[in-house]
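Structure provided below as structure tokens; questions to follow.
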Amino acid sequence: MTLVLHVGGPRHREVAEVPAAQLSSARLVYDGPQWFGVYERFEPVQRRQTAQGSAEVWVVRE
């Protein structure tokens with residue numbers, strides 16, 4: 001599992017554990033039930049310290 005920090009969009013500032021297999025495409029797609037969203041890995045790759053630990057930064061794609 002990898003920690004992901006979301007920047008922008010409906011999950012702004014949320015940290016989630018994401019299986020490594022879901023990170024292979026460099027895009028995360030959330031399809032509901034409450035909302036839809038697409039996030040992509042921030043380039044160059046950045047990590048931020050969060051309460052849950054060091055997380056990779058992913059930004060909303062508009």
Members other than Val59 in its cluster, when Ile, Leu, Val, Met, Phe, Trp, Tyr link by side-chain heavy atoms under 4.5 Å?
Leu3, Leu5, Val7, Val15, Phe42, Val57
Under 6.0 Å from the ring centre and within 45 degrees of the ring axis: does the NZ or CZ of Arg11 meet both conditions for the six-membered ring of Tyr39?
no
Going by salt bridge (Lys or Arg N to Asp or Glu O under 4.0 Å), name the pairs with one or both residues in residues 47-58, residues two or more places apart or in two chains.
Arg41-Glu56, Arg47-Glu56
Residue pairs, two or more places apart or on separate chains, that pass salt bridge (Lys or Arg N to Asp or Glu O under 4.0 Å) and touch residues 16-26:
none
Backbone of Arg13 reached by a side-chain donor or acceptor of His6 within 3.5 Å
no
Excluding sequence neighbours, so at least two apart, what forms side-chain contact (heavy atoms from CB on, under 4.5 Å) with Arg27?
Ser25, Val38, Glu40, Arg61
Any Trp58 side-chain heavy atom under 4.5 Å of Gln46 side chain
no
First locate atom OG1 of Thr50, then atom CD of Glu14, and finally report the distance between them rounded to the nearest 0.5 Å.
12.5 Å
